[in-house]
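What follows is a set of notes on a single structure, which appears directly below.
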Amino acid sequence: MRLSQMLLVTLREDPVEAEIPSHKLLLRAGYIRRIGSGIYAYLPMMWRVLKKVSQIVREEMDATGAQECLLPQLQPSELWKESGRWDTYTKAEGIMFALIDRQKRELGLGPTHEEVITTIAKDMIRSYRQLPLNLYQIQTKFRDEIRPRFGLMRGREFIMKDAYSFHTDHESLKKTYQAMDQAYRNMFSRSGLEFRAVEADSGAIGGSGSQEFMVLADAGEDEILYTEDGKYSANVEKAVSLPPDLEPSPYNTYEKLETPNTSTIDTLCQFLKCSATSVVKNVLYQIVYDNGMTVLVLVSIRGDQDVNEVKLQNELVKLADQYDATTVLALTVPEVATQEKWASKPLPLGYMAPDLADDYIKPAKDIAPQFVRLVDKTAVELKNFTTGSNESGYHVVGGNWGEQFQLPKLVVDVRKASPGDRAIHDPNQTLKSARGIEVGHIFQLGTKYSSAMGATYTSEQGEEIPLCMGCYGVGVSRLAQAAVEQSYDKDGIIWPVAIAPYHVIITIPNVGDTQQMAAAEKLYTQLNEAGIETLLDDRNERAGVKFKDADLIGIPYRIVTGRSLKDGKVEVVERATHKSTELSLEEVLPTLKQWIDTALRTV
C-alpha cells in the first residue's frame with residue numbers, strides 16, 4: 001500500500017480525552033477515531049491488526065476442533081429471564097443495552113451469548129453421540145459502561161471471540177478446558193505478548209472454576225498476585241494466602257475500657273498498645289437481592305485484614321434462596337443517609353461488636369429482620385481479643401468466642417490476600433504484585449445454564465441429563481490495544497511482527513530523486529510479491545516527518561533509500577531497537593525474510 005493513497009492522519013499532540021499511553025498512541029497514529037463515548041471507528045491500519053489477531057485466534061480454535069458460527073447480537077429478554085440473568089445484567093451490573101421493539105418486546109444487545117447458545121443446544125442436541133461439541137464466533141459485543149475509558153480497553157462496543165462447549169460430564173469438560181488453556185497460551189504467544197494465566201473469579205458468568213489471561217502492563221486495571229517460583233498466580237479478587245502470624249493479646253481479662261477517638265484500627269492499636277492481629281474488626285455491609293430484599297451483613301475479621309468484597313458477594317449469593325432470590329444486585333457499605341432508611345437508632349460506627357443487636361433494624365417487609373453474621377477464618381482462632389463494645393468511645397479487651405461472644409455459624413474465607421503474604425503452597429514464597437490487562441477468560445460453567453434453561457441430552461442409558469458446559473472468551477480489540485500498552489517507547493508504537501499492520505515501511509527521503517524512487521519502487525514490488533507486507537511512503541513530505549510517522553505507527557522494519565544508494569545500499573532500521581544496518585539491494589529481500597520468519601517462529 002502507498003501512503004499517498006491511504007487514509008492516514010497522524011497527530012503530533014496527545015488527544016485530550018486519552019488517558020493511557022496505548023490510547024494516546026492509537027489515536028495519534030491514526031489507527032482509531034472516536035465517534036462517541038466508548039465508541040471507536042477502526043481505521044484501515046487498525047483493521048489489518050484486528051484481522052491478524054482474529055486469524056491467530058481462529059487458527060488456534062480450529063486446531064482444537066472447535067467450529068465457527070455467528071450468533072445474533074439482538075437477544076430476546078425471555079432467554080435471559082429463563083437463565084435468571086436479565087435483572088443482573090440490566091439492573092445490578094447494568095451493563096446490557098436493553099430496548100423495546102415496535103411490538104413491545106424486550107430485547108438486549110448481547111454482551112455475551114450463553115443464553116443464545118444454550119437455546120440452540122436445547123433445540124439441536126439430542127444424544128450423547130453428538131458430544132462433545134465446541135462452537136465459537138468472532139463478532140461485536142456491547143456493554144453499557146458507566147464510564148467508558150482507555151479507548152478500546154473499556155469501550156461500549158468491542159470485538160470478541162467467545163466459544164461454548166457442551167459435554168456429557170465434567171471429565172469431558174475438563175479435557176476441553178485444558179485444550180482451551182493451551183490454545184489461549186498459543187494465541188497470546190503467537191501474538192508476541194508477555195502474559196500470565198491466573199486463577200480468577202467467575203463473576204456474573206458463573207460456574208465452578210475459571211482462569212484469566214493477563215497481558216502484563218503498568219496501566220492494567222487488574223492486580224495480579226503471584227509467586228516467583230511460577231507455581232501460583234491469581235487475580236487479587238480470587239487470590240488466597242497465609243495471613244501474617246498472630247501476636248498475642250496483652251490482655252488476659254475481659255474488661256470494657258474507655259477508648260476515645262479510636263474509631264479506626266490504627267488509632268485503637270496505638271491507644272491500647274496492642275497488635276491489629278489481636279483485634280476483631282466488625283464491618284457492616286448492605287446487600288440487595290434481585291427480588292428487592294435488603295439484607296444487613298455483619299462481617300467479623302481480624303483487625304489487620306481487609307474484606308475481599310468479591311469473595312463476600314459470592315458467599316452471599318449462596319444464601320439467596322433463603323430470601324427467595326437468586327443473586328445479589330448490589331453490595332455496599334451503607335452511608336449514614338442510607339442507614340436512616342432501616343436503622344431504628346444510630347449505629348455505634350467504629351465501635352461495633354460481633355453481637356451488635358438485631359433491634360438496630362426497623363421491622364419492614366423489604367428488609368430482613370436481623371443481621372446476617374459471618375466470621376472470617378482469621379478471626380476464629382483469636383484469643384483474648386479486642387473488639388467494639390457497641391457503645392461509641394468504648395472497646396472491650398480479653399474477649400473470647402464461646403464466652404463473651406457467640407461464634408457466628410457461617411465461617412467463611414473473605415479476607416483479601418495482599419502482596420507480601422506467604423503463599424499457601426510454600427510458606428517460603430511470598431506473593432508479589434503486578435498489573436495486568438485481561439485479554440482472555442475461560443470458564444467451567446457446569447450445568448448452570450443448561451439446568452436453568454432445560455438443555456438436556458439423552459444418555460446411553462436413555463436418561464435425560466443436563467448438558468455440561470464451558471465458556472471461553474478472548475477480547476480481540478482489547479488484545480490489540482494491550483499489545484501497544486505493553487510495547488511502545490517515546491517515539492511511538494512497537495508492534496510485534498505477528499500482528500503488525502505491515503511488516504516493512506519503505507521511506508523515500510526525497511521523492512524528487514529518481515534514483516531513490518526507482519530503488520524504492522523495485523523493493524516495494526519484490527517484497528510484496530514475496531509475501532512481505534510492505535508500505536511505501538511516497539508522500540511529498542520532509543524526510544523528518546516521514547521518519548517520525550514511521551516510528552509513531554510502529555512498523556517493525558523501515559527501509560530508507562537515502563545517501564547510501566550511491567554505493568548500491570539502503571539503510572534498514574529495526575523499530576524495536578532502532579538498530580540500523582546497511583544492506584545491498586540484493587540482500588534486502590532474503591535478509592528481511594529471515595528476520596521476519598525468525599520473529600514469527602520465536603513467539
Those residues that, when tested against [X], pass side-chain hydrogen bond (donor to acceptor under 3.5 Å, both in side chains) (two or more places apart):
X    : value
D62  : Y136
R34  : none
R558 : D551
T332 : none

Salt-bridge criterion met for [X] and [Y] (N-O under 4.0 Å):
X    : Y    : value
E438 : R478 : no
K141 : D162 : yes
K231 : D229 : no
R575 : D489 : yes

Measure from the side-chain N and O atoms of [X] to the backbone N and O of [Y], and report whether any donor-acceptor pair falls under 3.5 Å.
X    : Y    : value
Y226 : N235 : no
S165 : N134 : no
Q313 : L329 : no

key: Test log, rule side chain to side chain donor-acceptor pair (under 3.5 Å), inputs Y42 and R33   = CA-CA 7 Å; Y42 310 122; R33 199 77 171 182; over 6 Å; no
For [X] and [Y], which I'm curious about, is there any donor-acceptor pair between the side chains at under 3.5 Å?
X    : Y    : value
H113 : Q75  : yes
R415 : S241 : yes
Q305 : T378 : no

Using the test ring pair (Phe, Tyr, Trp, His ring centres under 6.0 Å), find all partners of [X] that sit at least two apart in sequence or belong to another chain.
X    : result
H503 : none
F195 : F188
W595 : Y557

task = Return each pair, listed once, that meets salt bridge (charged side-chain N to carboxylate O under 4.0 Å, His left out) where at least one residue sits in residues 9-21; pairs must be two or more places apart or across chains.
result =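 Checked against salt bridge (charged side-chain N to carboxylate O under 4.0 Å, His left out) - neighbours excluded - the pairs reaching residues 9-21 are R12-D549, D14-R28, E19-R147, E19-R149.
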ask   = What are the two closest heavy atoms between L173 and L445, and how far apart are they?
value =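 Answer, listing the atom of L173 first, then L445: CD2-N, 4.4 Å.
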query = Does the side chain of L135 reach to within under 4.5 Å of the side chain of I117, using non-hydrogen atoms?
reply =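 Yes, at least one pair of side-chain atoms sits under 4.5 Å.
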message = Holding to side chain to side chain contact (heavy atoms under 4.5 Å, CB included), I want the full list of residues that pass it with D426, two or more places apart in sequence or in another chain.
response =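 Per chain and number, D426 pairs via side chain to side chain contact (heavy atoms under 4.5 Å, CB included) with N428, Q429.
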inquiry  = Tell me every residue that passes side chain to side chain contact (heavy atoms under 4.5 Å, CB included) with A29, counting only those two or more places apart in sequence or in another chain.
reply    =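 If we apply the side chain to side chain contact (heavy atoms under 4.5 Å, CB included) test to A29, skipping adjacent residues, the hits are Y31, I493, L552, I553.
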task = Could you pull out all residues at least two apart from K24 that satisfy salt bridge (charged side-chain N to carboxylate O under 4.0 Å, His left out)?
result =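 Here no residue qualifies.
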May I have the list of side-chain donor-acceptor pairs in residues 177-184 shorter than 3.5 Å, sequence neighbours left out?
{"from": "Y177", "atom 1": "OH", "to": "Q211", "atom 2": "N", "distance (Å)": "3.3"}
{"from": "D181", "atom 1": "OD1", "to": "R185", "atom 2": "NE", "distance (Å)": "3.3"}
{"from": "D181", "atom 1": "OD1", "to": "R185", "atom 2": "NH2", "distance (Å)": "3.3"}
{"from": "D181", "atom 1": "OD1", "to": "Q211", "atom 2": "NE2", "distance (Å)": "2.6"}
{"from": "D181", "atom 1": "OD2", "to": "R185", "atom 2": "NE", "distance (Å)": "2.9"}
{"from": "Q182", "atom 1": "NE2", "to": "N186", "atom 2": "OD1", "distance (Å)": "3.0"}
{"from": "Y184", "atom 1": "OH", "to": "K161", "atom 2": "NZ", "distance (Å)": "2.7"}
{"from": "Y184", "atom 1": "OH", "to": "Y472", "atom 2": "O", "distance (Å)": "3.3"}
{"from": "Y184", "atom 1": "OH", "to": "G473", "atom 2": "N", "distance (Å)": "3.0"}
{"from": "Y184", "atom 1": "OH", "to": "G473", "atom 2": "O", "distance (Å)": "3.2"}

